[in-house]
Peer 1: 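Supplied in structure tokens, the structure appears directly below.
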Amino acid sequence: MATLRGLYCCFKCQNHIAFHDDIISKDFRASSGRAFLFAHAINIDKGAMEDRNLMTGLHTVSDVYCADCGEALGWKYIKAYEESQKYKEGKFVLEKFKITVMSPTSGRFT
């Protein structure tokens, strides 16, 4: 059973989205600002795949949405066309301002 330690949730409805231990990098950027790269995400719906020119080159991505409320949270990398970016394939970028973290001690959101 997973603990609440580092549980990231949708900012709008508090649906569980990702675990702190799945963060690969906190140095990502989205159009709205800072974002995190996660190895896995849960309770999300994926949009249609599309090719998108991002800061690091051309990628095939799918936008991801909260499965409960439908809020856009970020995107999933489907394919990277540059060899140096292949590590992103299958990973999720979640915008920092779209997720909150549940406190491990109180069970409250911070």
Side-chain angles (χ1 to χ4, degrees):
M1 181 170 156
T3 66
L4 296 180
R5 179 183 139 353
L7 178 62
Y8 285 87
C9 303
C10 172
F11 82 104
K12 193 172 184 182
C13 71
Q14 288 73 53
N15 185 22
H16 300 169
I17 301 296
F19 294 98
H20 183 279
D21 291 347
D22 285 328
I23 293 176
I24 296 170
S25 176
K26 292 183 176 183
D27 292 329
F28 274 67
R29 302 289 298 170
S31 59
S32 62
R34 194 170 169 202
F36 299 161
L37 181 68
F38 285 86
H40 304 98
I42 57 175
N43 299 321
I44 53 113
D45 290 328
K46 291 181 280 190
M49 291 188 300
E50 64 179 58
D51 285 342
R52 201 177 285 167
N53 254 324
L54 301 172
M55 292 172 56
T56 56
L58 182 64
H59 297 80
T60 301
V61 299
S62 175
D63 288 333
V64 296
Y65 305 89
C66 174
D68 278 357
C69 71
E71 182 69 28
L73 301 173
W75 64 88
K76 179 180 182 178
Y77 285 104
I78 307 300
K79 179 178 174 132
Y81 291 93
E82 295 188 28
E83 194 62 37
S84 66
Q85 302 301 308
K86 293 277 186 193
Y87 75 96
K88 296 176 182 175
E89 291 180 346
K91 309 298 188 296
F92 297 83
V93 172
L94 301 176
E95 298 187 53
K96 186 176 186 290
F97 87 100
K98 297 282 187 124
I99 55 176
T100 59
V101 66
M102 184 179 282
S103 168
T105 55
S106 70
R108 294 192 178 127
F109 296 97
T110 57

Peer 1: Do Gln14 side-chain atoms and Cys9 backbone N/O form a donor-acceptor pair below 3.5 Å?
Peer 2: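 Looks like no, no N/O pair under 3.5 Å.
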Peer 1: Where is the tightest heavy-atom contact between Met49 and Ile78, given as atom of each residue plus distance?
Peer 2: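 Taking every non-hydrogen atom into account, SD-CG2, 3.6 Å.
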Peer 1: What is the distance from atom CG of Asp51 to atom OH of Tyr81, rounded to the nearest 0.5 Å?
Peer 2: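 So the gap between those two atoms works out to 4.0 Å.
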Peer 1: Nearest 0.5 angstrom please: Leu58 CG to Gln85 CD, how far?
Peer 2: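 That separation rounds to 11.0 Å.
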Peer 1: Does NZ or CZ of Lys98 lie under 6.0 Å from the centre of the six-membered ring of Phe11, at an angle within 45° of the ring axis?
Peer 2: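 Relative to the ring axis of Phe11, which defines the angle, Lys98 lies outside at least one limit.
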Peer 1: Which is it for Leu54 and Val61 under the side-chain contact (heavy atoms from CB on, under 4.5 Å) test, yes or no, and what are the steps along the way?
Peer 2: CA-CA 10 Å; Leu54 301 172; Val61 299; 4.2 Å; yes
Peer 1: Just how far is it from atom CG of Leu37 to atom NZ of Lys26, taken to the nearest 0.5 Å?
Peer 2: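 One gets 12.5 Å once the value is rounded to the nearest 0.5 Å.
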Peer 1: Do side-chain atoms of Ser62 reach the backbone of Gly47 as a donor and acceptor pair under 3.5 angstrom?
Peer 2: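 Judged by distance alone, yes, a pair lies under 3.5 Å.
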Peer 1: Between the main-chain N or O of Glu89 and the side-chain N or O of Lys79, is there a donor-acceptor pair closer than 3.5 Å?
Peer 2: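 Pair absent, no side-chain N/O of Lys79 close to backbone of Glu89.
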Peer 1: Which residue, Tyr8, Phe28, Phe19, Tyr77, forms the ring pair (Phe, Tyr, Trp, His ring centres under 6.0 Å) with Phe38?
Peer 2: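 Of the listed options, the one satisfying the test is Tyr8.
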Peer 1: What is the distance from atom CD1 of Ile24 to atom OH of Tyr87, rounded to the nearest 0.5 Å?
Peer 2: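 The OH atom of Tyr87 is 8.5 Å from CD1 of Ile24, to the nearest 0.5 Å.
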Peer 1: Dump the intermediate steps for side chain to side chain donor-acceptor pair (under 3.5 Å) on Lys88 and Thr56, then the final yes or no.
Peer 2: CA-CA 11 Å; Lys88 296 176 182 175; Thr56 56; 2.8 Å; yes
Peer 1: Taking all atoms of both residues into account, what is the closest heavy-atom pair of Ile42 and Ala18, and its distance?
Peer 2: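 Nearest pair, atom of Ile42 first, then Ala18: CG1-N, 4.2 Å.
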Peer 1: For His40 and Asp22, does a side-chain donor sit closer than 3.5 Å to a side-chain acceptor?
Peer 2: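 Yes, a side-chain donor-acceptor pair sits under 3.5 Å.
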Peer 1: I'd like to know whether Asn43 forms a side-chain contact (heavy atoms from CB on, under 4.5 Å) with Asp68, so could you lay out the CA-CA distance, the side-chain angles of the two residues, the decisive distance to 0.1 Å, and finally the verdict.
Peer 2: CA-CA 8 Å; Asn43 299 321; Asp68 278 357; over 6 Å; no
Peer 1: Considering all heavy atoms of both residues, which atom of Asp45 and which atom of Cys66 are nearest to each other, and what is their separation?
Peer 2: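 Heavy-atom minimum between the residues: OD2-O, 4.3 Å.
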Peer 1: Taking atom CH2 of Trp75 and atom CD of Glu50, what is their separation to the nearest 0.5 Å?
Peer 2: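 Here the rounded value is 11.5 Å.
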Peer 1: Which atom names give the shortest non-hydrogen contact between Tyr65 and Ala72, and what distance separates them?
Peer 2: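 In terms of heavy atoms, the two residues are closest at CD2-CA, 3.5 Å.
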Peer 1: Ignoring hydrogens, what is the shortest heavy-atom contact between Glu95 and Gly74? Give both atom names and the distance.
Peer 2: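 Smallest interatomic distance, heavy atoms only, reads OE2-CA, 4.4 Å.
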Peer 1: Compare every heavy atom of Arg34 with every heavy atom of Arg29, then report the nearest pair and how far apart it is.
Peer 2: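 Looks like NH1-N, 3.7 Å.
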Peer 1: Between Ile17 and Val64, is there a side-chain heavy-atom distance shorter than 4.5 Å?
Peer 2: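 When only atoms from C-beta onward are counted, Ile17 and Val64 do not touch, as no gap falls below 4.5 Å.
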Peer 1: Measure the CG-CD1 distance between Leu7 and Ile99 for me, rounded to the nearest 0.5 Å.
Peer 2: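 Taking CG in Leu7 and CD1 in Ile99, the distance rounds to 10.5 Å.
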